[in-house]
Amino acid sequence: DIQMTQSPSSLSASVGDRVTITCRASQTISNYLNWYQQKPGKAPKLLIYAASTLESGVPSTFSGSGSGTDFTLTISSLQPEDFATYYCQQSYNSRTFGPGTKVDVK
Amino acid sequence: EVQLVESGGGLVQPGGSLRLSCTASGFPFSNYWMSWVRQAPGKGLECMANINQDGSEKYYVGSAKGRFTISRDNSKNTLYLQMNSLRAEDTAVYYCAKDRRVLVADGAFDIWGQGTMVTVSS
């Protein structure tokens, strides 16, 4: 089974900050990596698929990069509505989520 | 409006069974892979099972194998999850989710239901 890790597990940031979250797969997954945002009590929302493609309607402040085993989600300028938990997910072999990164207010 | 609506959750005793349903609307349900994803209270996401367009291919995470069965009825635009031999650790919100890509799945879930809570407790 492919295991996913994320770092950090949580971070505190301010509006306007640049935020970077890292995701690592236990084996190569090419670009089969997706990112989701989840707010409390809500279903996850797809942000980025295929490592770097922005889902329709998602602000361009979000971007993704990486391939193979190492991936990054970047929020270029954190907005008030971006405080949430972020999950990476591999879809190369079955579907496995990372443990999540909680972004909260500094 | 593209929508998924889950139902069937509730309180069940350990060892009991429950069947979850997910009714789809606003898109051609029969063209897409579908999945069940759960989230235990305060925990992360776990993809439990997925199924292809005609139900001929089904995949399960290890903890679901032999206990859970995913199925679909395309005539009713409905996805199901039959859960047997339930354990306390199955307590979670269960979401159904639609694959983003038509016909050939890429495993990215673009539409999610609101979730249905399953509580396994005596």
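Reminder, nothing fancy here: chain letters follow the sequence lines and each chain counts from 1. Reckoned from all heavy atoms, side chains included, excluding hydrogens, waters and symmetry mates.
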Report the C-alpha distance between D104(A) and S12(A) in whole Å, list the side-chain angles of each, state the deciding distance to 0.1 Å, and finish with yes or no for side chain to side chain donor-acceptor pair (under 3.5 Å). CA-CA 5 Å; D104(A) 61 18; S12(A) 297; 2.7 Å; yes
What part of [X] gets closer than 4.5 Å to chain B, counting heavy atoms only: side chain, backbone, both or neither?
X      : answer
Y36(A) : side chain
P44(A) : both
Q90(A) : neither

Nearest atoms (heavy-atom pairs only) where A25(A) meets I2(A): CB-CG2, 4.3 Å
Quick check on [X] against chain A: is it the side chain, the backbone, both or neither that has a heavy atom closer than 4.5 Å?
X       : value
F109(B) : both
Q39(B)  : side chain
V37(B)  : side chain

Is [X] close enough and on-axis enough to [Y], meaning under 6.0 Å and within 45°, for cation-pi?
X       : Y      : result
R38(B)  : Y95(B) : no
R100(B) : Y49(A) : yes
K65(B)  : Y60(B) : no

Identify whether the distance between the nearest side-chain nitrogen and carboxylate oxygen of R72(B) and D54(B) falls below 4.0 Å.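 No.
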At a heavy-atom distance under 4.5 Å, which candidate from C47(B), G115(B), A108(B) has the highest pair count against chain A? A108(B)
Who among K45(A), K42(A), Q38(A), E55(A) has the most heavy-atom pairs with chain B under 4.5 Å?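 Top option by heavy-atom pairs under 4.5 Å: Q38(A).
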Residue among A43(A), G41(A), P40(A) with most heavy-atom pairs under 4.5 Å to chain B: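 Most heavy-atom pairs within the cutoff with chain B belong to A43(A).
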Output the distance between atom CH2 (W112(B)) and atom OG (S35(B)), rounded to the nearest 0.5 Å. 8.5 Å
